[in-house]
Colleague: 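Structure below; questions to follow.
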Amino acid sequence: MPVQKVNDSSDLDAKVPSHLQRTSITSLTTTSEPLHRCVKARVVHKGPVISCAQKDGIEMLRAEIKEEDPLQRSAEHASINVIFFGTLAKDFSQSARQGDVVLLADFTIKKSPSFLRDKLHPCQLEMDGKDACVYAKYTYVPLNNLKPKTVVNVYGVVTFFKQPFPSKGSDYCSTLKITDQTDVKVGCNIFSNKLEDHPVMFRVGDIIRLHRFKTDFFRDSMSLLNTYGWSTVTFDGTIDSPVVPRTPSKSFHFGESDIRMVQELRQWAANQSWISNDFTVSLSSVQPGMYFDLTCQLLAKAVMDSRCILLKVWDGTKCHHPLLNVAVASDALEGESTVAKDRMNLIANVLVYDNHLEVARDLKPGTFLRFYNLHTLLQRAPDQLPDQPEHLSFHLHGGTSYGRGLRSLPAESPALQSLKSVLEKHVDLDEYDEVNDGTLLEIWYTPPEAVDAEADTGPSYTVRTCEHNTRQLTLARVKHSTPPLSCHVRARVKKYKPQQLYQCLKLFCSNCKSMKDVPNDSAVAKVFRESAKDSQPCDEQWAATSSASSREPGRTISMHISRDMVGESTHTQLIFVEGTTLDEICVLSQDYKNLVPVRSVSGRMTLMDLTAPFLFSGDKRYYGCKQCSRNTFQNPVFSGVETWDEQTVAKALGVHLMQYRLLIQFELEDQTDTLEALLWENTERFFHVSAADASGSQDLQDKIQTIMDTIQPPDSSLAERPWLDLCLSVYTIKDNDRNKVCYQITNTEVKEE
DNA sequence: GGTTAGGCTTGG
């Protein structure tokens, strides 16, 4: 049996098997009953291991021990020689030191051959590996007292460590540096092919006990390397926290003296400057470009590729920088949905690379963990505009420099207790999506520029053109906001109205704000037919007239022109047309730039009912507002106009021109809500199409249709629809004396290919 | 009966 180690003198006593009888050294004689006796003594001398030539080269070691019982210590023959044989000799040499208290059992008692010389004791004890056993109390060597090439036990406070990493050989390697009250720092390497045998290190300041480590010189200072029968135990370094051993090994010695050692080291370390360095970096205190350790909880994870894994974590505090979200398909995500917490800037998206995947892969959502040497960077999302704030990304780079790594922490770890209490305050967040509680959001929402939707980083089919730098909000948040407000959203189009796109073309009066649909051809044709009934051509002094018979009997088509304009190009002339059908004026308008349909009322030229266009100009038709047009046609003023267009014609005729507008109502959708938003003031910029041009161009109407088919492909699933980055204006209108909140898309354009 | 590492940053 090898030398067995215990930590306390009291443990030594407890080790004495019941069949052994404790004997004092002074009472030992050659005639003593040798079996089942034991002595407890202190090592006063330990000789080297020598090879005994007389006994087939067996190894042996001589030691002198002295009675430990205080009443017997000063008596005669209180010291005695002990000879250890074989493996016990080597074992004792390595594990026992001068000054150690040992318990020897089942020895044999022989006459001492040296008694006449040393006067020590008439007997000597012989210990061989077959029967005898030694229990030795561990002693710990202060770090300033290490001798090279010895096997020692030490205690120390950890000033640096790396989590176990694969060495170039066959083992994992843990590397650490420790110090103690002597202020000497000692490096230490631990090799073992079993990860579970490595010390459980949580953070700098932890206390570690090393048993059976071999000392050696390396670069002018002492270093430690685990050797046969080695073990480690670690403890939290926090003063006054319970001294709970963290050990990977199943059996280990731990007693009162360990508690004392740990407490003394804690006390000493608390006054050292190196111990206090930022232990407590939380998301709320993270700055860009930092390297720091983060204690947090894993909520969800996703494998990005063979060299990168995404860990979505939180610590219950809110970052003051907008956090970069990493787009992941929901089916690739393991763990809970973090949509609500992402929105509230509570989630750090940590990208874990390369060698750290081995640890990260096995982490289960819900686990508490700690990152070492986590790196923060400001980063621009792929489609982010220059005027938006950059977002904070988290990288656990490959390699182990600076202790870079990560590990899970047991939920009962003292370092986690404050974190857990913070997290518990957030339990109601999980129900946020159901209750849509705006108050809760108000409380947690502070970073003005922050908060991103889940798919923040993907491409957008649109681009915002606004100069302002307002915050991006979720639709749920927009709905809870108080108008007036400008904001940015990222959404998809669930539906839109009108489905018949030609119906989105509207006539709008800027004066009375009335809006009406563009009359259809049959309504217009009817006005023409009725106007042509009075076939008597009108006769105005200011006009030159030419007339022709129509195909229909009794109907005359007349064209009038201001006498001032006679001889001008037909493309610059303003021509008044009387007696035509709608079809006929359409044919004429291909040759004449500006045609104003008129009718005759008792020989006087009069505008048609304003249901019909008051001006045909090429393919375009212009309408006047029935309510706002003053009929000044009786005395038209044509002078002072260089070129005739819809504006100058309208002014000359006293017509209030109605504007073409495009109006579409979108039903927007993101992860949080849906919202109906109008595309109205901004439509022309949105589509890069003029409404007036679109009114007369099938090509342009097709262009709008194509864009809409991209935004919301017919019969498409949500995922097939592109994300739109939109600038949104939130405002109120009076609707039957009640305030109604409206949402309008502004400052947004479809990206040009 | 003993290689490996023996701290020292940043690419994604």
Side-chain angles (χ1 to χ4, degrees), chain A residues 2 49 59 86-87 89-91 93-94 146 148-151 156 158-179 185-195 197-199 201 203-204 208 210 212-230 274 277 286-294 302-311 324 326-328 349-357 360 371-382 391-406 457:
Chain A
V49 179
E59 282 153 324
T87 55
K90 286 188 289 185
D91 203 13
S93 175
Q94 285 186 341
L146 296 174
K149 311 270 187 193
T150 55
V151 176
V158 176
T159 63
F160 171 80
F161 67 95
K162 286 183 178 184
Q163 297 295 345
F165 58 95
S167 71
K168 289 197 186 99
S170 55
D171 296 334
Y172 286 100
C173 175
S174 287
T175 176
L176 44 117
K177 188 161 271 183
I178 59 173
T179 187
K185 287 195 172 68
V186 174
C188 176
N189 287 305
I190 299 165
F191 291 98
S192 170
N193 58 1
K194 295 196 199 79
L195 267 180
D197 287 346
H198 284 257
M201 299 302 315
R203 62 183 186 186
V204 165
I208 191 163
L210 306 174
R212 288 183 151 275
F213 274 65
K214 198 163 81 181
T215 57
D216 208 348
F217 261 119
F218 181 75
R219 289 192 189 156
D220 297 333
S221 63
M222 206 58 78
S223 69
L224 294 164
L225 181 66
N226 59 323
T227 186
Y228 302 98
W230 67 281
W274 50 265
N277 54 12
V286 171
Q287 296 298 323
M290 273 176 82
Y291 290 93
F292 66 106
D293 296 348
L294 179 68
V303 173
M304 306 300 287
D305 58 54
S306 64
R307 292 182 63 187
C308 181
I309 203 164
L310 168 70
L311 300 182
L324 186 77
V326 178
V328 175
N349 287 270
V350 181
L351 292 167
V352 174
Y353 299 100
D354 301 342
N355 55 310
H356 308 299
L357 259 61
F371 292 99
Y372 304 94
N373 199 238
L374 189 58
H375 190 198
T376 53
L377 284 174
L378 276 185
Q379 217 166 303
R380 200 167 283 285
H391 290 190
L392 206 56
S393 60
F394 295 77
H395 302 267
L396 189 70
H397 297 296
T400 61
S401 300
Y402 279 82
R404 204 180 296 135
L406 77 167
T457 52

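Here is how names work: the chains are called A, B, and so on, in the same order as the sequence lines, proteins then strands, and each is numbered from 1. Computation of the quantities below employed the complete heavy-atom set of this structure, encompassing side-chain atoms and omitting hydrogens, waters and symmetry-equivalent molecules.
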Colleague: If only side-chain N and O atoms of Lys162(A) are considered, is one of them under 4.0 Å from the OP1 or OP2 phosphate oxygen of dA5(B)?
Modeller: no
Colleague: Check every strand shown and say whether Ser167(A) touches a base, only sugar-phosphate, or nothing at a heavy-atom separation below 4.0 Å.
Modeller: base
Colleague: dT3(B), dG12(B), dG7(B): which one has an atom nearest the side-chain heavy atoms of Asp171(A)?
Modeller: dT3(B)
Colleague: Does Thr400(A) reach a base, just sugar-phosphate, or nothing at all? Heavy atoms under 4.0 Å.
Modeller: nothing
Colleague: Stacking here means centres under 5.5 Å and planes under 30°; does Phe191(A) stack on dT4(B)?
Modeller: yes
Colleague: Classify Asp305(A) by what it touches in the nucleic acid, base, sugar-phosphate, or nothing, heavy-atom distance under 4.0 Å.
Modeller: nothing
Colleague: Given dG7(B), dT3(B), dG11(B), identify the nucleotide with an atom nearest to the side chain of Tyr402(A).
Modeller: dG7(B)
Colleague: In whole Å, what is the span from the CG atom of Leu378(A) to the P atom of dT10(B)?
Modeller: 19 Å
Colleague: Take atom NE2 of His395(A) and atom P of dT9(B), then tell me their distance rounded to the nearest Å.
Modeller: 18 Å
Colleague: Taking NE2 from His198(A) and C1' from dA5(B), how many angstroms apart are they, rounded to a whole number?
Modeller: 12 Å
Colleague: Regarding dT10(B), can its base be found pairing with the side chain of His375(A) as donor and acceptor, where the two atoms are less than 3.5 Å apart?
Modeller: yes
Colleague: Using a distance-only test with no angle check, is there a side-chain donor-acceptor pair under 3.5 angstrom linking Thr150(A) and Thr215(A)?
Modeller: yes
Colleague: Just to be sure I understand the rule, does Ser223(A) reach a base, reach only the sugar-phosphate, or reach nothing, if contact means heavy atoms closer than 4.0 Å?
Modeller: base
Colleague: Taking the ring of Phe160(A) and the ring of Tyr402(A), is the distance between their centroids below 6.0 Å?
Modeller: no
Colleague: Return the value, rounded to whole Å, for the distance between atom CG of Leu225(A) and atom C1' of dT3(B).
Modeller: 10 Å
Colleague: How far, in whole Å, is dG6(B) from dT10(B) if one measures between their C1' atoms?
Modeller: 23 Å
Colleague: Which part of the nucleic acid, if any, lies within reach of Cys173(A) when heavy atoms closer than 4.0 Å are counted: base, sugar-phosphate only, or nothing?
Modeller: sugar-phosphate
Colleague: Out of dG1(B), dG6(B), dT9(B), which nucleotide sits closest to the side chain of Tyr291(A)?
Modeller: dT9(B)
Colleague: Looking at dG2(B), dA5(B), dG12(B), which one has an atom nearest to any side-chain atom of Lys168(A)?
Modeller: dA5(B)
Colleague: When the distance from CG of Leu396(A) to C1' of dT10(B) is rounded to whole Å, what number comes out?
Modeller: 11 Å
Colleague: Please determine if Lys149(A) and Asp216(A) form a salt bridge, counting it only when a charged side-chain N lies under 4.0 Å from a carboxylate O.
Modeller: yes
Colleague: Could you state the atom-to-atom distance from CG of Asp354(A) to P of dT10(B) in whole Å?
Modeller: 12 Å
